[in-house]
2 protein chains.
Amino acid sequence: MTKKLLMLLPHGAEEMEFVICVDVLRRCGVNVTVAGLTDKTVKCSRDVVIKADTTLEEAANEDFDAIALPGGLGGSKAMSGSTKLGEVLKSFESKGKLIAAICAAPTVLLTHSVALGKTLTSYPSFKDEFAGKYTYVEDKTVVVDGNLVTSRGPGTAFDFALKLGEILVGLDKTKQVAKGMLYNMH
Amino acid sequence: MTKKLLMLLPHGAEEMEFVICVDVLRRCGVNVTVAGLTDKTVKCSRDVVIKADTTLEEAANEDFDAIALPGGLGGSKAMSGSTKLGEVLKSFESKGKLIAAICAAPTVLLTHSVALGKTLTSYPSFKDEFAGKYTYVEDKTVVVDGNLVTSRGPGTAFDFALKLGEILVGLDKTKQVAKGMLYNMH
């Protein structure tokens, strides 16, 4: 059955991290729903304006296999401040569903006390914030710990999206997609 | 003085190639104007909907240092069919301004007879179309020949954008931007 992923789009999201995730996973055959955190028209971190398919409020009642959070400082602050997103993340965690975050977005998990105790990574400057609550890895571009997948920045976004593809639809399909994009998997 | 780049956004554009170019060049300090080929709200190749700053018709009277065309099969067909874009590209060529195209977009230069005789690359499947009119390179991710910069696909989009940054604002600034994105320049 087709896998379904909920991709968050807050104002201030890092647009490359967002778009690479959505595009690569759609190429993999994942059914990706783009949910604005609050609005359907969203201004990203470098002023690219993207229209979401729906809002988190509307999407929260649907059933997904995975949720992914793009980075961007403003976007991550907005996601950290969203009680609704905190509830949704805890629901995904309680059901053992895939939770993915890149760049600044792992701080959103910290704020909402999600996936505590797991091993993760993030954009380097946030490292110290995770001390005592997570095991931090800084020598890998993508870190997988059970249902948690984290990554580091725009330059690791292809690897992040392809790892999510590998988990959701398998390595063979993911390799095909990488080849079609002329991307060398790491 | 701040460099100005006109970034085209046709329906069917490859959204990663588009967004990586805009974001990376804005990080480099380039003033990027996003011009929809015909409309200001544009559906890209994997259904991401992006709002342009303006349209080509409106932007064509402004002065730019460079123009860049994203790939995507649908987007490139639309750009090939645009008489207006053909005129704009010929105007950039006659003034020796930077012209950049990635993936399927170098075929747009072919259709409009722009930069004939130069050395270029493209997404591999279009190679034969350039025979006799351009010198084709297939062992480099980015090819620069005078004022023409071409590249191959989503997986080479960071290198493409960073090369444009290097030409427009210099290597030092571009290296800083790549480092901040955690991207290893090739």
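On a predicted model such as this, the values are computed, not experimentally measured, just so you know. Atoms considered below: every heavy atom in the structure, side chains included; atoms not considered: hydrogens, waters and symmetry mates. Residue numbers begin at 1 in each chain, while the letters A, B, ... track the order of the sequences.
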Taking the six-membered ring of B/Phe64, is NZ or CZ of B/Lys4 closer than 6.0 Å to its centre and within 45° of its axis?
-> yes
Test log, rule side chain to side chain contact (heavy atoms under 4.5 Å, CB included), inputs B/Asp65 and B/Met1 | CA-CA 11 Å; B/Asp65 300 290; B/Met1 217 166 80; over 6 Å; no
NZ/B/Lys118: more than 12 non-hydrogen atoms of other groups inside 6.0 Å = yes
Distance in Å, A/Thr174 OG1 paired with A/Leu25 CG, rounded so as to fall on 0.5 Å steps | 8.5 Å
With respect to chain B, which residue among A/Glu14, A/Glu15, A/Arg27, A/Arg26 yields the maximal number of heavy-atom pairs within a distance under 4.5 Å?
-> A/Arg27
Counting heavy-atom pairs under 4.5 Å with chain A, the top scorer among B/Asp23, B/Val19, B/Asn184 is B/Asp23
Residues B/Leu109, B/Leu69; criterion side chain to side chain contact (heavy atoms under 4.5 Å, CB included); working and verdict = CA-CA 10 Å; B/Leu109 308 178; B/Leu69 315 181; 4.3 Å; yes
What parts of residues 32-57 of chain B touch chain A if we use heavy atoms and a cut-off under 4.5 Å?
-> B/Thr41, B/Arg46, B/Asp47, B/Val48, B/Val49, B/Ile50, B/Lys51
CG on B/Leu5 to SG on B/Cys28, rounded to 0.5 Å = 11.0 Å
Are A/Asp159 and A/Arg152 close enough for a salt bridge, meaning some N to O gap below 4.0 Å?
-> no
